[in-house]
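Take a look at the structure set out below.
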Amino acid sequence: MKPFSQITRRKFLQLSGIGAATLASFARTGHAAPAFLKKQSAFISNKVQNIPTVCNMCKARCLVSCKVVNGRVVKIDGLADNPYNGMAVCARGNAASELLYDVDRLKYPMKRVGERGEGKWARISWGEAIDTISQQLEKALRSSGPKALALFAKGSSSSYIKELFAEFSIAQVNDVSSEQCGMNRELAYRLTFGNDGAQFPLLDYANTSCVVLVGSHLGENVDVAELQNLARARGNGAKLIVVDPRFSSVAAKADNHLMIRPGTDQVLLMGWINYIIDAGLYDVGYVSQHVTGFAELRRDASFYSLEKAAEITGIPAEVIRQTATMIAAAAPGVIIHPGNHSAWYGNDVQRLRTQAILAGLLGSWGSRGGLLPRTAFGDELPPVHANQQAIAELLKNRDWHGATIIKKMEKGAVRVVGCWGQNPLHSIVNPYRTRKAFMAADFVFACDVLPSDTTLFADIILPEASFLERYDVVDRYQTTAQNFIAVRTPVVAPAYEARDPYWIVKQLSTRLGRGDGFRFADVRARLDHELAKDDLSLAKIAAEGGFALLPKVAELENNVRFATPSGKIEFFPKSLSADRLTLVPNYDEVPAPPQGFARLLSGRSPVHSQTLTCNNKWLRHEMAENELWLNEQLAEKLLVKAGERLFLENQDGVRSMKPIVVKLTPGIRADCVYLVHGFGARSPLLQQGFDQGVGDMMLMTRSRRDQFSGSRGLRVNFVRLIKNGKPLDMRNL
Amino acid sequence: MAQEDSIGMTDIYRFLARSMRYPDAAWMDDQYFAIISNILNGLGWDDESRDLADFLDFSADWLEPIQIEYTRLFVNAVPSVIAPPYGSIYLSADGMLYGPSAVSVKEFYQEKGFELAGEGDLPDHISSELEFLALLAEQGNQADEDLFLNKHFRTWFPKFKEKLLGEVQHPFYRILVKLIDFFTREE
């Protein structure tokens, strides 16, 4: 019988002598900093602040203004009067506050206490987390040197950890956006235009007469400023040609949509080039003044007659002729868009070289309405040497490639691995292999805002401040109209124990005794140091309303210099050994889908950024899962109905984790299917995004290596549809 | 409220607030468990007393299991965190953090002349709300204490408690949540 089982609170309190003194002394001694501060006067703070910062929901870096009421972010708009995106912001920018207040955020440093991948953790202090990581880094460095370490790191917040790893000469640092987007283009444009080809050129939408998008689905891949520019160009009467096997949203706005056979883009480009040369439509003056290798191009392109190109690409000869004429008529004010994501078919450098050559043939490199190189003066090396060195590096160095690192992890050569804002399980081909490689590592640490699939494999997890809570790096912007500087700035203090990336890396740097860049007390001091070069400071930028205008570097138009060995645009770069590179880019044929399979294509949604937004409630409201684009005539033969859910199975027998909703459309070729990347998260810690839709990478067990850049083309995977457990017969359709 | 020789709510709230912070050897020590044990004995909660004694006796390393359980219940867990200790999760339609209820908790603090010390703290963390109740009790402000309990704390705590009791594995948090319930319940 319990004497006090019905005791009340009051009664309990009246009982004396049950440890009252101990309780009081426990409660009254400060075991921790007080949770509350007493204010001078009582009031509800209605303070409304509008704080400018740089959006990080994708890599476009829009300038935004965050409305903060009483310490809570309530709305995000474009920053008024800025010369970039203006007042406009996309759905993802609008929804950034949902990232800030996402219940699944990583909140405290944690250590793994269960098996790797099991998801059993204990919260630890920052001190313990930093000590553990630095001990592991040091141990690996001492015993095996820098070759035993690797880093997967993406986004501006990873720049500090990359800096620290560079101090230790760790070469295995993978950035998926370089590998799958920038690298192929850089190599192709450097080969053609020299050192100024290193950076993505400015696209002169304001003065262009024709825009050509080869495979780019701008509009689904949203960059607000660029979309505004494209819309204005269309308003000014510029033509738009879109090459895509799928009727994308931008294809719907085009004068011509060329529904090309996947993988044959280069043939179309060569067909255009051949026709333009044959018909004498190229810029004779520009070519004779600025180009070498024209004769070789003419010779090799002649193979691609309209008929030949039509046969390979599936685009009618007349359409190729018509579009070639349209492009040439607009020259030199033509934007052959260099494109973003480029790791497609493993013949990507050659395709991009052909694009660059077409731009050269039309005289649009450095011309009004065309591609304006960002001047890269101030190189330490003479630009030609810098260019040749960079090309040699791009051709040879594979250390930083994702697949190379995974292979080294499998072999036990790389044993200590960091992941910073990157999710290798969704960005590197064959996630099954990636998973095994992570399981085999000695030590894995991850730093992120949300618990991505990859964080599940970490031994130590570090919670990074979200972009609304942190300073990052100095962001420099160059546009055709205006140059300016902005800095990502915290609009609220970091929640929980999340910390800004500079602070985190500074702790590691201190423990490891390296990293001169971390001598500054905090990120503000470091950024002020960097801004001083432009006679700016964080305070000045804030006082100027969130960005500071810079003088234009130089006149962009007609400011062409070709830092190639020949001093000219090289259609035929003789400086390279012929066995490595077919001098005029020859088409490397892409294998057709095996009988009964369709090629798996993937791309972007305007309301999601890869896997980064899969847990965002507002964006999930707009698009909760992806769907499979399937040609409607094919579907009719297969007796597949719109909205049906079917499993996918790839050429190696790997099935999707769950079925995907089918969208029937005439807007895709029958030899391919399409879905949006970024879905199918496997981390149950993401309560919103877990197991929603189908992850394309889960079906990508093969890749095709580009023979020059080594990047892995991913569109060489094929799927068939599975209904009631059985594959649908897609043979001979 | 009497503070001399009997137990005051100020100390109780503060004790409970501390108990809902992350377990740390700096404060979770013999003395701490002696207090819990005394309270349980005082209440005549024999089952809970036994549970407490059991896990302290049988586990040489008793701290880490509590830390793991805290992480699983309140921070991150596979397949999903059990009971996030923030009021707004239970009070907003879509289970969001820092929803309207958290804003009004923050305004309540400010109205009474208090501000959270940690800039990044969310206002409606269970520990902050309990700590605030201690401040109100310390001021002897029964009306405000009751108002805060009824208008804020008790609007979500029962849902939190239910979620936690449904899945809790470690007896410590089962005992603790029952104690919080007992000391914040209307009589």
Side-chain angles (χ1 to χ4, degrees), chain A residues 2-5 7-10 12-20 22-24 26-28 31-45 70-72 98 101-104 106-108 110 113 118-123 451 456 469 492-496 498 617 684-685 687, chain B residues 5-12 14-15 17-18 21-22 26-27 31-32 34-35 38-39 41-44 46 64 67-68 70-71 75-80 84 89 94-98 103 106-107 109-117 119-122 127-128 131-132 135 182-183 185 187:
Chain A
K2 294 180 186 172
F4 297 112
S5 59
I7 196 168
T8 64
R9 185 173 95 174
R10 208 155 296 281
F12 175 80
L13 295 173
Q14 285 156 4
L15 296 167
S16 54
I18 44 173
T22 339
L23 172 60
F26 179 88
R28 286 168 206 175
H31 288 286
F36 286 89
L37 299 174
K38 182 92 178 98
K39 296 186 70 86
Q40 290 301 312
S41 57
F43 68 95
I44 294 178
S45 166
N70 198 4
R72 189 192 192 281
E98 286 297 293
Y101 301 121
D102 188 328
V103 67
D104 296 330
L106 296 170
K107 302 178 181 73
Y108 308 96
M110 297 195 293
V113 291
E118 186 189 352
K120 203 170 171 192
W121 289 293
R123 183 181 151 184
L456 277 178
E469 303 164 310
V492 290
Y496 325 106
K617 278 186 187 161
L685 297 171
Q687 295 183 67
Chain B
D5 46 359
S6 63
I7 297 173
M9 274 313 289
T10 305
D11 294 332
I12 294 272
R14 224 161 244 154
F15 178 79
R18 164 47 61 196
R21 294 279 171 198
Y22 190 65
W27 57 269
Q31 187 201 16
Y32 176 84
I35 296 169
N38 278 336
I39 295 175
N41 287 333
L43 290 168
D46 297 342
E64 190 167 276
Q67 290 177 329
I68 293 171
Y70 185 98
T71 309
V75 184
N76 284 109
V78 171
S80 73
I89 296 285
D94 60 350
M96 78 190 300
L97 274 177
Y98 218 145
V103 172
K106 185 173 188 177
E107 289 174 354
Y109 297 160
Q110 290 171 338
E111 246 177 309
K112 300 300 160 198
F114 289 98
E115 192 90 88
L116 282 165
E119 267 188 287
D121 290 356
L122 263 48
S127 188
S128 301
E131 184 76 31
F132 182 68
L135 292 169
F182 175 81
F183 285 110
R185 207 164 33 196
E187 306 201 319

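- Proximity to chain B (any heavy atom under 4.5 Å) is shown, for A:Leu106, by both the backbone and the side chain.
- Contact of the B:Ser128 side chain with the B:Leu122 side chain is not registered, since no non-hydrogen atoms from C-beta on lie closer than 4.5 Å.
- Considering only heavy-atom pairs separated by less than 4.5 Å from chain B, the leading option among A:Met110, A:Arg72, A:Gln687, A:Glu118 is A:Arg72.
- Of the atoms belonging to A:Lys617, it is side-chain heavy atoms, and not backbone ones, that fall under 4.5 Å from chain B.
- Residues B:Glu115 and A:Phe36 fail the side-chain proximity criterion, which asks for heavy atoms closer than 4.5 Å.
- The ring pair (Phe, Tyr, Trp, His ring centres under 6.0 Å) test applied to B:Phe15 returns A:Phe26, B:Tyr32, not counting sequence neighbours.
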Review point. Under the side-chain contact (heavy atoms from CB on, under 4.5 Å) criterion, do A:Asn70 and B:Gln110 qualify, and how do the steps go?
Key: CA-CA 10 Å; A:Asn70 198 4; B:Gln110 290 171 338; 2.9 Å; yes

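- With sequence neighbours left out, B:Glu64 forms a side-chain contact (heavy atoms from CB on, under 4.5 Å) with A:Lys111, A:Val113, B:Asp61, B:Gln67, B:Ile68.
- Between chain A and the options B:Val103, B:Leu116, B:Leu97, heavy-atom pairs under 4.5 Å are most frequent for B:Leu97.
- When heavy atoms are compared at a cutoff of 4.5 Å, B:Phe132 approaches chain A by way of both its backbone and its side chain.
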